[in-house]
Student: 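The structure that follows is given in the form of structure tokens.
Here the structure is a predicted model, which means the values were calculated and not measured.
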Amino acid sequence: MGEAEPGLMGKLSGIRVVDLTMFLPGPMLSLMMAEQGAEVIKVEPPAGDPARDQAPFAGGHSIWFANLNRGKRSVVLDLKTAEGKADLTELVRGADVFLEGFRPGVMARLGFGWDTVRALNPRIIYCSLSAFGQQGALADHPAHDMAVQALAGTLSVNDAGDGHPAVPGVPASDVAAGLTGLAAVLMALIGRERTGQGDHVDIAMLDSLLPWTAHIAGRALAGGPAPTSADQRSLGGAAFYNVYQCADGRHVVLGGREIKFAKSLLGALGRPDLVPLAEAEAGPAQAPLVAFLRETFATRTRPEWEAFMADLDVAFAPVLDFAEAYAAPHIAQHRLLVTDDGIPHIAPAIRFASDSAWHPGPVPSLGGP
């Protein structure tokens, strides 16, 4: 969006961001700033952000790239040349925020480490996004999201109760780093208003993901054994927080362990005698109830179960694929999908009462607006 238009999102109007990041965490961070009116200058190498080439495409752009980079301005700089370094120096002098996502040490070798950038612009907020942070034994280790999840412990419980980890469906450490980085940058901007000085924010994907695990990994956190999905209340060890297959091969979930939900469903199924099992500890004690529900859900199709549950007070949901999810009435009611110039866009989750109807900013061509 660049500078906010009258009546559109503009909480960050007047903030200029120089963004050297590519792929997912950094572009997600700067996207959320752009959609609140910040001017985001996306600095790309001559070949461009690799996300530009990732299928599928619509309206002449990668859908991935469009959804993470709309509303930004692209500038092509070769930072291995004197001209490219000079141009970036000028951008730094006029920036409020500087984002980079290279391995530790790369920016310093290019002549734009924290100390150099701070000397050029003492008020700048410099945010480094990496897999494992700027210091430590893993700092130079290459990794994308799944490797970070593997080292964080989260991948170990991303299974179906059989102990065999699966490729995660959502890049949780990428997203965690983007969200944590945004919060840190905004905190630093508020702090600058008080001190007049910028700061360096070191955001690691691993560090960002770990705080999300306290509710499932408390046993290990306290020095005990690691949890497994088969015996953990939020990962598959509880009957009323589980996935069940229906007669048509599709799936549904019970997604709430409150005893009122167990009473509601088990009463409707004619088995109120099983309610005490829903109150038992997750794991083997609930296994008979899990087995009963598996057998029961396998007797009807997913649509039949949706109809059965319609009037019950049960935390229940069908497992939708992405096509089904995007076509759901709730998505249209919240205007969460918008098509512009032939490109489907997922609308921002951050919306304020003072905002008018949102529309996506233009997707920048390489080196252009």
Side-chain angles (χ1 to χ4, degrees), residues 1-4 9-43 68-69 71-72 91-102 104 107-108 112-136 139 145 148 152 171-215 348-355:
M1 229 179 261
E3 287 296 317
M9 297 178 179
K11 306 298 185 189
L12 298 178
S13 180
I15 298 294
R16 176 175 289 179
V17 180
V18 174
D19 180 10
L20 277 68
T21 66
M22 297 182 283
F23 291 112
L24 203 159
M28 185 179 78
L29 190 168
S30 62
L31 172 72
M32 290 187 284
M33 296 190 72
E35 292 185 326
Q36 288 300 328
E39 178 190 2
V40 177
I41 302 170
K42 183 177 178 67
V43 177
L68 286 178
N69 294 283
K72 304 175 187 179
L91 290 176
V92 164
R93 292 186 192 279
D96 296 285
V97 178
F98 183 89
L99 304 178
E100 65 91 5
F102 296 98
M107 291 308 299
F112 293 92
W114 161 236
D115 290 335
T116 302
V117 169
R118 176 174 53 177
L120 291 170
N121 182 349
R123 287 175 54 82
I124 203 163
I125 308 303
Y126 187 115
C127 179
S128 298
L129 294 133
S130 63
F132 304 110
Q134 303 301 299
Q135 307 290 333
D145 174 82
V148 174
S173 68
D174 277 340
V175 175
L179 292 172
T180 303
L182 175 67
V185 166
L186 296 179
M187 289 176 192
L189 285 170
I190 293 171
R192 189 183 70 176
E193 293 301 303
R194 298 173 179 156
T195 67
Q197 296 296 309
D199 213 334
H200 183 202
V201 183
D202 177 9
I203 299 295
M205 292 159 63
L206 180 67
D207 299 19
S208 300
L209 185 60
L210 281 185
W212 291 17
T213 66
H215 72 297
I350 299 173
R351 286 169 286 181
F352 296 93
S354 58
D355 296 329

Student: Please round to the nearest 0.5 Å and tell me the distance separating atom CE of Met22 and atom CG of Leu68.
Tutor: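 Atom-to-atom, Met22:CE and Leu68:CG are 13.5 Å apart.
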
Student: Throw together a table of side-chain donor-acceptor distances under 3.5 angstrom for residues 198-207, partners on residues two or more places apart or in other chains.
Tutor:
| from | atom 1 | to | atom 2 | distance (Å) |
| --- | --- | --- | --- | --- |
| His200 | NE2 | Ser128 | OG | 2.9 |
| Asp202 | OD1 | Gln134 | N | 3.4 |
| Asp202 | OD2 | Gln134 | N | 3.3 |

Student: Identify the heavy atoms of Val148 and Ala131 that sit nearest to each other, and give their distance.
Tutor: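 Here Val148 and Ala131 meet closest at CG2-CB, 4.0 Å.
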
Student: If you round to the nearest 0.5 Å, how far is CG of Leu91 from CG of Leu120?
Tutor: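 Going from the CG atom of Leu120 to the CG atom of Leu91 covers 11.5 Å.
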
Student: Between atom CG of Asn69 and atom NZ of Lys42, what is the distance when rounded to the nearest 0.5 Å?
Tutor: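 Going from the CG atom of Asn69 to the NZ atom of Lys42 covers 4.0 Å.
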
Student: Tell me, which pairs form a side chain to side chain donor-acceptor pair (under 3.5 Å) where one or both residues lie in residues 181-193, sequence neighbours left out?
Tutor: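 Residue pairs with at least one partner in residues 181-193: Asp96-Arg192.
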
Student: About how many Å separate CG of Leu186 and CD1 of Ile190, when rounded to the nearest 0.5 Å?
Tutor: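 Atom-to-atom, Ile190:CD1 and Leu186:CG are 6.5 Å apart.
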
Student: Test of understanding: with side chain to side chain donor-acceptor pair (under 3.5 Å), list the residues that count as partners of Asp174, not counting sequence neighbours.
Tutor: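 With neighbours one apart ignored, the set is empty.
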
Student: Specify the closest pair of heavy atoms between Leu210 and Ala152, including all atoms of both residues, with the distance to one decimal.
Tutor: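 So the minimum-distance heavy-atom pair works out to CD2-O, 3.7 Å.
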
Student: Looking at every non-hydrogen atom in both residues, tell me the closest pair between Val185 and Cys127 and how far apart they are.
Tutor: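 Minimum heavy-atom separation between Val185 and Cys127: CG2-CB, 3.9 Å.
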
Student: Residues in side chain to side chain donor-acceptor pair (under 3.5 Å) with Ser30, at least two apart?
Tutor: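 Applying side chain to side chain donor-acceptor pair (under 3.5 Å) to Ser30 gives Asp19, Lys72.
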
Student: For the residue pair Leu209 and Ala172, what are the closest heavy atoms and their distance?
Tutor: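 Shortest heavy-atom separation between Leu209 and Ala172 comes out as CD1-CB, 4.0 Å.
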
Student: Heavy atoms only: give me the nearest Ala95-Val18 pair and the separation to one decimal.
Tutor: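 In terms of heavy atoms, the two residues are closest at CB-CG2, 3.6 Å.
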
Student: Please, which pairs that meet salt bridge (charged side-chain N to carboxylate O under 4.0 Å, His left out) have at least one residue in residues 117-129, sequence neighbours excluded?
Tutor: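 Salt bridge (charged side-chain N to carboxylate O under 4.0 Å, His left out) check on residues 117-129 returns Asp115-Arg118.
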
Student: Can you see which heavy atom on Ala34 is nearest to which on Gly71, and at what distance?
Tutor: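 Smallest interatomic distance, heavy atoms only, reads CB-O, 4.2 Å.
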
Student: Nearest 0.5 Å, what's the CE-CG distance between Met33 and Leu189?
Tutor: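 Taking CE in Met33 and CG in Leu189, the distance rounds to 5.5 Å.
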
Student: Given side chains that start at C-beta, do those of Glu35 and Ile350 come closer than 4.5 Å, heavy atoms only?
Tutor: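 No; the side chains remain at least 4.5 Å from each other.
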
Student: Output all residues satisfying side-chain contact (heavy atoms from CB on, under 4.5 Å) with Met107, sequence neighbours left out; order by chain, then residue number.
Tutor: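 For Met107 the side-chain contact (heavy atoms from CB on, under 4.5 Å) partners, ignoring immediate neighbours, are Leu20, Phe98, Glu100, Phe102, Leu110, Phe112, Tyr126.
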
